[in-house]
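First up is the structure itself, then whatever we jot down about it.
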Amino acid sequence: MTGPAALLADHPPYRVDQVWSGLYEHLATPKELTNLPKSLRAELDAVLPPALTPVTESTSDAGDTLKWLWSLDDGALIETVLMHYDERSTACISTQAGCAMGCTFCATGQAGFERQLRVGEIVEQVVRAARRARDDGRRLSHVVFMGMGEPLANYDPTWQAVERLHGHLGLSARHLTVSTVGIVPGIRRLATEALPVNLAVSLHAADDELRDELVPINRRYPLSTLMDACAGYLQAKGRRLSFEWALIDGVNDRDRDADQLVARARSLPLAAHVNLIPLNPTPGYAVVGTPMRRVRAFRDRLRAGGVNATVRRTRGTEIDAACGQLRASHEVSEPVAIRPRHG
Ligand code: SAH
Ligand code: SF4
C-alpha cells in the first residue's frame, strides 16, 4: 500500500477526517492543511503530487467559460471546461485521453484513443475546477461527464469518481450527469448502482442506417438494444433520461428525423427529454451545424409531438471548448519557411 492511505494508517481517525475534509471539502492542497503537523503536511505533499499539470488555460464568453489543457504524468493530454451560468457553475470533465468510439463529427473521436484515466485524474479535474470557481466567487455545483472520452468504456474509475464527488466533495448525485454514446452493458450496470446520477444518451440518429454512419458503435449496440437498456434504466431509477442530438445540416435535421426521434423518445416508459446542440465545427468533418432557424423549427416539431426539448446554449466555441471540440492539442503555429541562402 502506498499513497495517503498508507501514510495515514497509523494516525487517529480524526486526522484522517481532517485530511479528507481539507483536501476535498475545503479544496486545499496538502501544503495548505495548516491544522496538520508540518511533517505530515510534507509527507502528504510527497505522496499526493498533483495528477494534472496545466499546459494552457483559455477563457471565452467574457470569462464565463474556461478551458484547461492538462498534461498527465506520462505526457498524455486531456481537457476540462468550467462554465459559469447565472444560476450555477458546471464542470465538464474527461474520462479518457482520446476516445476509441470514432464518431465522425467529434474532434475527440477523430483523434483516436490514447489511454484510460485513473480515478484520481478524473476527480482532480473537478477539484481544480471547484477551486477556480471558488476564486471566482462561485460554487461548483454540477459536473457533466461530457469531456473527452466515453465514460462507460472506463466504467470502474468513472464510477469511483462519481462516488468520491458525492462522498468527499459533497456534490449531489442529481447534479452529476454521465453521458454515453450508448454502451449497453455500461447502461445496464449503471442501473444497478445506488447513486441516482443523471443519464444522457448521445443519440443523434433514430434509425439504424444513419446512426451506423454517425456513431459506429451503433453496429454493435443497435437502437432496439439501446432503447431496451434505456427502458431498463428508467424502470430501475424512476428517473427520466435525456437524449443528446447534435443537429447536422441536412443530415439529421429533417422533419422525418424529428418524427423518428419523437417515436423513440416516447417509446420509453417516461418520455426522454431531448437536448439539441447545433453541431460545433471540428477539423475532420466537413458538414456544418444546422442554422438557428431550422434548429428552432426542429425543436418545435418535437414539442408538437409531445416531447420535451431544449436547445443547448453553445459555450466556448472561440476556444474550442464546446461540445465535441476537445482534442487536447497544443496549438502549433505553421513553421516559418526558411529560404535557403545561395551564394
Ligand atoms: N462520449 C460521451 C461523452 C463525451 S461527448 C458521449 O458521446 O456521450 C459529449 C457530447 O458532445 C456528446 O453528446 C457528443 O455526441 C457531443 N458532440 C460530439 N461532437 C460534437 C460536435 N462536433 N458538436 C456538438 N456536439 C458534439
Ligand atoms: Fe467519443 Fe463521445 Fe466523441 Fe463519440 S462523441 S467519439 S463517444 S467522445
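Just so you know, residue 1 is the first one in the sequence shown, and it goes up from there.
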Query raised in the report: By side-chain contact (heavy atoms from CB on, under 4.5 Å), which residues pair with Ala205, not counting sequence neighbours?
Result: Leu210, Arg211, Leu214

Query raised in the report: Have Glu193 and Trp159 got a donor and an acceptor in their side chains that come within less than 3.5 Å?
Result: yes

Report task. Scan residues 204-243 for pairs that pass ring pair (Phe, Tyr, Trp, His ring centres under 6.0 Å), counting only residues two or more places apart or in two chains. Result -> Phe105-His204

Query raised in the report: Considering only heavy atoms from C-beta outward, does the side chain of Arg327 approach that of Pro283 to under 4.5 Å?
Result: yes

Query raised in the report: Measuring from Glu32:CD to Asp45:CG, what's the distance to the nearest 0.5 Å?
Result: 10.5 Å

Requested in this report: Would you check, one step at a time, whether the test side-chain contact (heavy atoms from CB on, under 4.5 Å) holds for Leu279 with Thr290?
Outcome: CA-CA 7 Å; Leu279 185 87; Thr290 300; over 6 Å; no

Requested in this report: Name all residues meeting the side-chain contact (heavy atoms from CB on, under 4.5 Å) criterion together with Ala236; count only those two or more places apart in sequence or in a different chain, and write none if there are none.
Outcome: Ala191

Requested in this report: Output every pair passing ring pair (Phe, Tyr, Trp, His ring centres under 6.0 Å) with a member in residues 161-180, not counting sequence neighbours, ordered by first then second residue.
Outcome: Trp20-His168, Tyr24-His168, His142-His175

Query - Residues Thr282 and Gln110: side-chain donor-acceptor under 3.5 angstrom - result: yes

Query raised in the report: Going by heavy atoms in the side chains, are Met101 and Gln96 under 4.5 Å from each other?
Result: no

Query - Asp136: partners by side-chain contact (heavy atoms from CB on, under 4.5 Å), with sequence neighbours left out - result: Leu66, His84, Arg132, Arg138

Query raised in the report: Does a side chain donor of either Thr180 or Glu150 reach within less than 3.5 Å of an acceptor in the other side chain?
Result: yes

**Report entry** salt bridge (charged side-chain N to carboxylate O under 4.0 Å, His left out) assessment of Arg254 paired with Asp207
**Finding:** CA-CA 13 Å; Arg254 301 155 300 177; Asp207 81 77; 5.4 Å; no

Report task. For Phe145, check ring-ring contact (aromatic ring centres under 6.0 Å, His included) against everything at least two apart and list the hits. Result -> none

Query raised in the report: What's the verdict on side-chain contact (heavy atoms from CB on, under 4.5 Å) for Phe298 and Leu247, showing C-alpha distance, side-chain angles and the deciding distance?
Result: CA-CA 9 Å; Phe298 193 91; Leu247 279 162; 3.9 Å; yes

